[in-house]
Trainee: 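My questions will all concern the structure given below.
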2 protein chains.
Amino acid sequence: MPRNRRPQDPEAKREEILDAATELFTRLGYEGTSLKAIATSAGVTANTIYWYFPDKDTLLVGVVDRLLMAALTDLSALEDEPLAEQLLWVVQRLRDNHQLVTAVHARADTSPPIDAWHRRFHDLADAVLKEGFRQAGAPESGLDARTHMAVLVVEGLITHTHDGDRTRAILDLLAS
Amino acid sequence: MPRNRRPQDPEAKREEILDAATELFTRLGYEGTSLKAIATSAGVTANTIYWYFPDKDTLLVGVVDRLLMAALTDLSALEDEPLAEQLLWVVQRLRDNHQLVTAVHARADTSPPIDAWHRRFHDLADAVLKEGFRQAGAPESGLDARTHMAVLVVEGLITHTHDGDRTRAILDLLAS
DNA sequence: ACCTGAACACCGTTCAAGT
DNA sequence: ACCTGAACACCGTTCAAGT
């Protein structure tokens, strides 16, 4: 049996590459992780990644999109919790992935696919949070400004290290 | 006269390198700008930059520190304006430099000098904004959380494109 | 369809050598 | 003290070639 016939189905290989990229981007940062390192960790050669993804930026989009969807799914289990509690959960959940957030921001200006994903993310986050504010009984006036602001604050709390008390105080203020 | 004797004093050359780096980092981003491009624009060779700065990260610190000091100086002329007005001025003033902000965030985890500068920046921004809130008559209770949150929002407004109305609405909400 | 080895242009950084 | 040319290891990406 030849070495480069698929030992398993190609969807699984794609997932393995995404797994490896997620782990390494999270731990070493986007610029600090080479495609060679991802490939080695996934058991392939660097240029094999190009069969599954057109470039490194699009691989990053695959990584963050999968993480976002998983987080949203898990968040839905907390929909009856107070808003500040839900926001705190999001911040704690994504804090380990903060290097992914800063990478998206840093590369959105250069990479069209990252820019497009980033815009979709904000539209989605705005919509989810707006609904959260409504269910918390927030007044309709100024609701857009409030939700946009809240998304920026959550991003800021993920990308900046604060102790738990300060994080909580900010989120309480935000949800009040 | 030999070519590589200084035609002018070395402080001026250092400033020229900072000027070139500021312009190119701002326009093309940090990762999108090579030291060779900066050097050429400043009329030297790439490795000459290493006589003035230990590495590319420290050059970035030099750039952002100079921009921050200039912005703070100019801001002091507006100290009698309403707080929301001052914040709007800051956002508009630094919006063109948003690639510098995202670069600092993206590299703070990897580069000790950038991390150190970033912490100093937040300490300074917190202090300045806290005084701004006080002068605007904000209550002392919850003032820390409010200032930290406001700094995150200002960073978010700089790094995310919003139309003017939305920016203003968010800043009004923040200062109210 | 899937994977590789070899190559390409580029990058930040180092260093011995010049003036 | 200030600056350069040449080199180093590395990077993302391409492509002809293999199975």
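Here the structure is a predicted model, which means the values were calculated and not measured. First the proteins, then the strands, lettered A, B, ... as listed; each starts at 1.
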Trainee: Measuring from the side chain of B:Tyr50 (C-beta onward, heavy atoms only), which nucleotide among C:dC3, C:dT13, D:dA1 has the closest atom?
Mentor: C:dT13
Trainee: Kindly state each residue pair satisfying salt bridge (Lys or Arg N to Asp or Glu O under 4.0 Å) with at least one member in residues 34-49 of chain A, sequence neighbours excluded.
Mentor: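 Listed by first then second residue: nothing to list.
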Trainee: Using a distance-only test with no angle check, is there a side-chain donor-acceptor pair under 3.5 angstrom linking A:Thr58 and A:Asp55?
Mentor: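 Yes, a side-chain donor-acceptor pair sits under 3.5 Å.
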Trainee: Under 30°, 30 to 60°, or over 60°: which ring-plane class applies to B:His105 and B:His118, parallel, tilted or perpendicular?
Mentor: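 Plane angle over 60°, so perpendicular.
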Trainee: Using whole Å, what does the distance between atom P of nucleotide D:dT14 and atom CD1 of A:Ile49 come to?
Mentor: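 A:Ile49 atom CD1 is separated from D:dT14 atom P by 13 Å.
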Trainee: May I have the distance from B:Lys13 (atom NZ) to D:dC2 (atom P), rounded to whole angstrom?
Mentor: 12 Å
Trainee: Check side chain to side chain donor-acceptor pair (under 3.5 Å) between B:Gln92 and all other residues, then give those that pass, not counting sequence neighbours.
Mentor: none
Trainee: Counting N and O atoms only, with roles assigned by atom type, does the side chain of A:Lys56 sit under 3.5 Å from a partner on the main chain of A:Ser34, one being a donor and the other an acceptor?
Mentor: no
Trainee: Can you run down the salt bridge (Lys or Arg N to Asp or Glu O under 4.0 Å) pairs that involve residues 91-102 of chain B, sequence neighbours left out, and say none if there aren't any?
Mentor: B:Asp74-B:Arg93
Trainee: Over how many whole Å does the gap from B:Trp51 atom CH2 to C:dT13 atom P extend?
Mentor: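 After rounding, the gap between these two atoms is 18 Å.
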Trainee: Specify the residues of residues 100-113 of chain B, ordered by number, for which at least one heavy atom lies under 4.0 angstrom from an atom of DNA chain D.
Mentor: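 Heavy-atom contacts with DNA chain D come from no residue of residues 100-113 of chain B; none.
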Trainee: Looking at B:Arg66 and B:Glu15, does any basic side-chain N land under 4.0 Å from a carboxylate oxygen?
Mentor: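 Salt bridge between B:Arg66 and B:Glu15, a charged N being under 4.0 Å from a carboxylate O: yes.
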Trainee: Heavy atoms only, 4.0 Å cut-off, all strands: where does B:Thr45 land among base, sugar-phosphate and nothing?
Mentor: sugar-phosphate
Trainee: Stems in DNA chain D: runs of 3 or more consecutive Watson-Crick or G-U pairs, distances under 3.5 Å?
Mentor: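 Looking at DNA chain D, the stems formed by three or more consecutive pairs are C:4-8 with D:12-16, C:12-16 with D:4-8.
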Trainee: Testing A:Leu60, A:Leu100, A:Val63 for side-chain contact (heavy atoms from CB on, under 4.5 Å) with A:Tyr30, which one passes?
Mentor: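 The side-chain contact (heavy atoms from CB on, under 4.5 Å) with A:Tyr30 is passed solely by A:Leu60 among A:Leu60, A:Leu100, A:Val63.
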Trainee: A:Arg14 CZ to C:dC3 P: how many Å, rounded?
Mentor: 13 Å
Trainee: Would you say the ring centroid of A:His160 lies under 6.0 angstrom from that of B:His122?
Mentor: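 Between B:His122 and A:His160, which both carry aromatic rings, the centre distance is below 6.0 Å.
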Trainee: Are any protein N/O atoms closer than 3.5 Å to N/O atoms in nucleotides 6-11 of chain D? If there are, list each pair with its distance.
Mentor:
| residue | atom | partner | partner atom | Å |
| --- | --- | --- | --- | --- |
| D:dA6 | N6 | B:Asn47 | ND2 | 3.3 |

Trainee: Salt bridge or not for B:Arg119 and B:Asp123, using N-O below 4.0 Å?
Mentor: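 The answer is no: the pair does not qualify as a salt bridge.
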Trainee: Between A:Tyr52 and C:dC2, is there a side-chain N or O to OP1/OP2 distance below 4.0 Å?
Mentor: no
Trainee: Once you round it to whole Å, what is the distance between P of D:dT13 and CG of A:Asp55?
Mentor: 5 Å
Trainee: Side chains of A:His148 and A:Val151, heavy atoms from C-beta outward: is any pair under 4.5 Å?
Mentor: no
